[in-house]
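This report refers to the structure that appears directly beneath it.
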Amino acid sequence: MRWWPDGSEARAAHGTGVAAAARAGLAARGVLYLLIAALALRIALLDGSEQADRGGAVQELAEQPFGRVLVWAVGIGLIGMALWRLSEAVFGSAGPRGGKAGKRLLSAVRFVFYSVVAGSVIAFAAGERSSGAGSTDEQSRDATARVLDWPGGQVLVAVVGAGVAVAGVWITVRAATRAYRRHLKTARMSPATRRTVDVLGVGGGVSRGLVFAAAGGFAVRAAVTYDPEHAKGLDDTLRTFADTPAGPWLLAVVAVGLALFGLFSLALVRWRDL
């Protein structure tokens, strides 16, 4: 009689655990994006003063019935997302080319990002109200100001900003070309489901990419002008869309796109190949 699993059983158990963590993370991300989209839509249509970013979304969630439980659930889900990305960085992601160095590096960057986000949400749930609900605008300006004071800080801010802008373009192109299909269980989808997921994936991904590209551009501007006030978090970046000639309607369109991405994340809970 064996008292421990053999190699195949251990891998299966690992895969099951990672899949559960990934699904929890995707669900948490979907909820956050839906809340951010709702806040952005309020700003566009009602000229609201809400904070349309992660902090505002967490604050909005906390004000609902059983709000603290919901915030804890989102924070734990985001920990699952971070663990999933860590697993991809260490072991490679699903798919024939999942072990390539570039993909592992990207997963490592995502692990760091989601670890920070999860930590802030968990801190908020634990009672540190200034953590999870902190303004991303203030955080962006403060971080930019600190880095600009470093030797070579101006170049570093420019490089990071350019990297975020390029990531935004990459997200937009991948969404527009439906590259996400490679990670979906399309064979199990009905034609109607595939069409619905495509609407969510393309519309949501393009909007998300545009927001990333804009935020990166503001960071580059802050580096060039040596002025951290030009750096913008998610809230200020979204409000900038309302200051264009298209007015609040452009922000409303972007907000709807972010809502589509939130729904796309929830669809991935069911259809992502993990």
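Not measured: the values here are computed from a predicted model.
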Could you tell me the separation between the [atom1] atom of [X] and the [atom2] atom of [Y], rounded to the nearest 0.5 Å?
X	Y	atom1	atom2	result
Phe124	Gln59	CZ	CD	4.5 Å
Glu229	Thr144	CD	OG1	9.5 Å
Phe241	Ser207	CZ	OG	8.5 Å

[X] and [Y]: same hydrophobic cluster, using ILVMFWY side-chain contacts below 4.5 Å?
X	Y	value
Val164	Val220	no
Tyr180	Leu106	yes
Val211	Val117	yes
Trp170	Val202	yes
Leu39	Leu258	no

Pair Thr193-Thr196, side-chain donor/acceptor within less than 3.5 Å: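 No.
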
Verify the distance criterion only: is there a donor paired with an acceptor across the side chains of Arg194 and Thr186 at less than 3.5 Å?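 There is no such pair (donor and acceptor under 3.5 Å, judged by atom type) between the side chains of Arg194 and Thr186.
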
Is there a side chain to side chain contact (heavy atoms under 4.5 Å, CB included) between Ile122 and Leu78? Walk through the geometry before answering. CA-CA 9 Å; Ile122 290 294; Leu78 291 172; over 6 Å; no

Any donor and acceptor pair, going by atom type alone, linking the side chain of [X] with main-chain N or O of [Y] inside 3.5 Å?
X	Y	value
Thr240	Asp236	yes
Thr225	Arg221	yes
Gln154	Leu148	no
Arg104	Val90	yes

Show your reasoning for whether side chain to side chain contact (heavy atoms under 4.5 Å, CB included) applies to Phe261 and Leu200. CA-CA 6 Å; Phe261 184 76; Leu200 300 178; over 6 Å; no

Check whether more than 12 heavy atoms from other residues, nucleotides or ligands sit under 6.0 Å from atom OH of Tyr226, and answer yes or no.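 Yes - once you tally the heavy atoms of other residues, nucleotides and ligands closer than 6.0 Å, there are more than 12.
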
Which atoms form the tightest heavy-atom contact between [X] and [Y], and what is the distance?
X	Y	result
Leu26	Ser265	O-CB, 3.6 Å
His183	Arg272	O-CD, 3.4 Å
Val206	Ala176	CG2-N, 4.3 Å
Ala259	Ala37	N-CB, 3.4 Å
Ala82	Ser115	CB-OG, 3.7 Å
Pro65	Leu70	O-CD1, 3.8 Å

[X] bridged to [Y] by N-O distance under 4.0 Å:
X	Y	value
Arg42	Glu60	yes
Arg85	Glu88	yes
Arg181	Asp198	yes
Asp142	Arg146	no

Side chains of [X] and [Y] in contact at under 4.5 Å (non-hydrogen atoms):
X	Y	result
Lys232	Ser140	no
Leu35	Leu61	yes
Leu268	Leu184	yes
Val58	Val74	no
Leu251	Ile43	yes
Tyr114	Arg29	yes
Met189	Arg270	no
Val147	Val160	no

Under the criterion ring-ring contact (aromatic ring centres under 6.0 Å, His included), I'd like the reasoning laid out for Phe264 against Tyr33: C-alpha separation, chi angles, the key distance, then a yes or no. CA-CA 10 Å; Phe264 179 67; Tyr33 267 93; over 10 Å; no

Which of these passes side-chain contact (heavy atoms from CB on, under 4.5 Å) with Arg208: Ile171, Thr172, Leu260, Val254?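 The option that passes is Ile171.
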
Assess whether salt bridge (charged side-chain N to carboxylate O under 4.0 Å, His left out) is satisfied between Arg239 and Asp235, documenting all intermediate values. CA-CA 6 Å; Arg239 290 175 187 274; Asp235 180 64; 3.0 Å; yes

Please walk me through it: do Asp53 and Thr237 pass side chain to side chain contact (heavy atoms under 4.5 Å, CB included)? CA-CA 10 Å; Asp53 56 12; Thr237 299; over 6 Å; no

Could you walk me through whether Arg188 and Trp271 pass the side chain to side chain contact (heavy atoms under 4.5 Å, CB included) test, one step at a time? CA-CA 8 Å; Arg188 301 183 185 180; Trp271 298 112; 3.9 Å; yes

